[in-house]
Protein chains: 2
Amino acid sequence: MHLQATPAGDLGHLHARKKHCLPNGALAGTLFLEANNTIIKEGAALDYIHVMHMGWACRYNIMKDGKRQISAFLLPGDVCESTPMYGTLIDYSVCTLTPSLVKPISIEKPVGFGQPFDQLQSILSGSLLEQRLLRAWLANLSRRSAYNRVAWLICELHERLSIVGLADETGFDCPLTQEVIADAVGLTSVHVNRVMKQFRDENLFSFRSGRVAFAGVQKVRKLCGFDPAYLHLDLAQHIKTTSTSRVQLSDCP
Amino acid sequence: MHLQATPAGDLGHLHARKKHCLPNGALAGTLFLEANNTIIKEGAALDYIHVMHMGWACRYNIMKDGKRQISAFLLPGDVCESTPMYGTLIDYSVCTLTPSLVKPISIEKPVGFGQPFDQLQSILSGSLLEQRLLRAWLANLSRRSAYNRVAWLICELHERLSIVGLADETGFDCPLTQEVIADAVGLTSVHVNRVMKQFRDENLFSFRSGRVAFAGVQKVRKLCGFDPAYLHLDLAQHIKTTSTSRVQLSDCP
DNA sequence: CGGAACGTTGAGGCTAGTCAAGGGACGTGG
DNA sequence: CCACGTCCCTTGACTAGCCTCAACGTTCCG
């Protein structure tokens with residue numbers, strides 16, 4: 001997708017029409033945002049973290065020639081900030097892809113002070129997991145065909161959504177447009193479309209009207225070499241902290 | 001580059017022929033490694049960090065089909081571990097590209113305990129900087145032509161080497177083979193070669209016998225859209241907030 | 001001198017991009 | 001209710017960028 005390269009790297013035509021939700025219980029302080037609303041602007045200093053409660057968002061950068069590179073999809077439960085360290089300058093933007101509920105949480109000022117160790121540890125773990133995802137994406141973009149690249153992304157989304165209960169073996173609701181997928185995997189939307197057609201024709205999965213419907217997830221995973229290990233590794237290790245059998249770690253993203 | 005996919009994801013034919021250096025002064029405990037020696041093996045648990053004192057190394061993954069994806073070059077001053085958090089399982093390998101001096105430093109066991117806050121902060125800053133680099137690489141691979149991709153990598157190396165005094169306006173010593181560059185930018189070595197020829201022919205820079213010789217760095221930067229901001233941003237901000245000199249741990253990637 | 005590792009070059013093919021046109025779904029306003 | 005615009009999907013024809021295969025050159029070293 002080509003966009004006008006505005007100085008701030010922001011989508012100029014978007015306006016954050018935030019409104020507060022019913023301030024009862026868990027939703028207190030949660031913001032409701034329409035699709036295509038900016039949550040984080042590149043260049044800002046970090047003072048809040050934003051937790052996705054509902055809806056999808058993406059982390060992206062606009063390049064000098066107007067091309068957009070998406071570096072992460074943010075699903076319910078995810079934190080929009082890749083390293084929530086107070087005061088750091090943010091080198092990416094985040095915008096919603098669907099109507100969303102986002103909860104901002106303010107951060108203690110001096111990093112570390114007054115924060116329990118396990119909070120620091122979770123920031124570190126989060127940052128580490130982000131790195132793993134980025135390395136996996138790097139390998140995906142760099143070394144796979146368009147066909148496998150798209151399949152792999154679908155597998156990642158499926159796996160991550162499964163973890164939060166938003167996907168099962170039959171598939172998942174996926175609000176992404178083919179253009180957004182293209183900007184994530186480094187293709188054109190036209191080519192993404194062709195690849196999707198191929199997946200349909202080969203009866204692997206369909207991507208239509210906002211839903212990915214599988215005819216066998218394992219077949220798809222095998223074909224594109226998807227191994228969910230890189231998503232769990234840390235989590236599993238973190239929970240058990242020590243003394244564990246950590247099995248399938250060596251394989252590539 | 002295609003490699004046999006060995007279970008451990010390691011380069012089977014490499015043998016770590018470590019030997020201790022003269023244990024006097026700053027070099028005490030420093031290891032001397034030949035080229036193509038493994039420093040970190042994918043799947044290991046992190047208990048030491050390894051600081052590059054001399055020589056070049058790279059962080060990489062071997063994919064199931066044997067392809068190698070390099071996700072970072074490690075230059076003098078860099079820490080091989082992208083997030084030096086004790087006990088985490090490492091999802092990449094690191095090997096030397098040239099004869100190198102590497103200093104291993106053991107880490108306190110429980111993350112955080114007994115470590116001063118600025119050390120934690122330094123780990124976080126380092127991790128954050130790694131993310132920035134990864135995002136920059138992602139955009140580079142995904143959205144630029146082969147020609148610009150290679151130019152951009154050369155600019156990054158030049159900038160980072162300049163920071164540690166190993167490059168000037170005329171160029172820098174670069175021990176990378178065209179195949180290694182190919183594995184970093186997602187091309188074949190044949191095509192890297194063609195692009196290099198083009199750079200020579202256009203009198204932008206030459207890449208010959210281990211040296212990159214510029215005929216005007218700015219011209220190259222402009223053409224590929226290289227902006228060194230992503231390397232500094234945090235550093236500048238970081239120094240201001242805490243006013244400490246902790247140079248080699250968190251700083252340059 | 002021979003081998004190994006790396007660089008160089010050419011021919012030909014495939015993958016993905018570009019350009020272009022049209023279709024379906026949906027909302028809005030007359 | 002229909003006309004229209006917008007957004008997204010779909011498809012075809014053509015092009016170009018990069019890959020593959022293959023051969024040969026260069027440098028270095030034992």
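Order of the sequence lines sets the chain letters (A, B, ...), proteins ahead of strands, with each chain counted from 1.
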Using the 3.5 Å cut-off, write out each protein N or O paired with an N or O of nucleotides 23-25 of chain C and the distance between them.
none

Expected rows: protein N/O vs nucleotides 4-10 of chain C N/O, under 3.5 Å:
from    : atom 1 : to      : atom 2 : distance (Å)
dG7(C)  : OP2    : Q178(B) : N      : 3.0
dT8(C)  : OP1    : R208(B) : NH1    : 2.9
dT8(C)  : OP2    : Q178(B) : NE2    : 3.0
dT8(C)  : OP2    : N193(B) : ND2    : 2.9
dT8(C)  : O5'    : N193(B) : ND2    : 3.4
dG10(C) : N7     : R194(B) : NH1    : 3.2
dG10(C) : O6     : R194(B) : NH2    : 3.3

Output a table of nitrogen or oxygen pairs between the protein and nucleotides 24-29 of chain D separated by less than 3.5 Å.
none

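By the salt bridge (charged side-chain N to carboxylate O under 4.0 Å, His left out) test, D173(B) pairs with R211(B), sequence neighbours left out. Taking E130(A) as the reference, R59(A), S82(A), Q131(B) meet the side chain to side chain contact (heavy atoms under 4.5 Å, CB included) condition, with sequence neighbours excluded. In this structure, the side-chain hydrogen bond (donor to acceptor under 3.5 Å, both in side chains) partners of E202(B), at least two apart in sequence or on a different chain, are Y147(B), Q198(B). Remark: V190(B) pairs with T188(B), R194(B) by the side chain to side chain contact (heavy atoms under 4.5 Å, CB included) rule, at least two apart or across chains. Taking the salt bridge (charged side-chain N to carboxylate O under 4.0 Å, His left out) definition, one finds that K197(B) meets it with D201(B), sequence neighbours left out. Listed by chain and residue number, E159(A) satisfy the salt bridge (charged side-chain N to carboxylate O under 4.0 Å, His left out) test with R221(A) (two or more places apart in sequence, or in another chain). Scored by the salt bridge (charged side-chain N to carboxylate O under 4.0 Å, His left out) test, R149(A) finds no partners at all (sequence neighbours excluded). Residues satisfying the side chain to side chain contact (heavy atoms under 4.5 Å, CB included) test with N148(B), not counting sequence neighbours, are R144(B), S145(B), L223(B), C224(B).
The local environment of NZ in K222(B) is sparse, with at most 12 non-hydrogen atoms from other residues, nucleotides or ligands closer than 6.0 Å. Enclosure of atom CZ in F172(B) by more than 12 non-hydrogen atoms of other residues, nucleotides or ligands within 6.0 angstrom is indicated.
The line from CG of D78(B) to CZ of F73(B) is 12.0 Å long, rounded to the nearest 0.5 Å.
Rounded to whole Å, atom C1' of dG17(D) lies 6 Å from atom NE2 of H191(B). When the P atom of dT10(D) is taken as reference, atom CZ of F199(A) falls 14 Å away, rounded to whole Å. If you measure from atom NZ of K67(A) to atom C1' of dT18(C), you get 12 Å, rounded to the nearest angstrom. At whole-Å resolution of the value, CG in L187(A) and P in dT15(C) are 14 Å apart. In this entry the distance linking CD of Q198(A) with P of dC9(D) reads 18 Å, nearest Å.
D183(B) and R143(A) are joined by a salt bridge, as a carboxylate oxygen and a charged side-chain nitrogen come within less than 4.0 angstrom of each other.
Distances shorter than 4.0 Å separate some side-chain N or O of T188(A) from OP1 or OP2 on dG17(C).
Looking at heavy-atom distances under 4.0 Å, S209(B) makes no contact with the nucleic acid at all. Here G186(A) lies in heavy-atom contact (under 4.0 Å) with sugar-phosphate atoms only.
Overall, the helix from dC1(C)-dG30(D) to dG30(C)-dC1(D) carries an axis bend of 20° between its ends, with five pairs at each end and the value rounded to 10°.
F214(A) and H158(A) have their aromatic ring centers within a separation under 6.0 angstrom.
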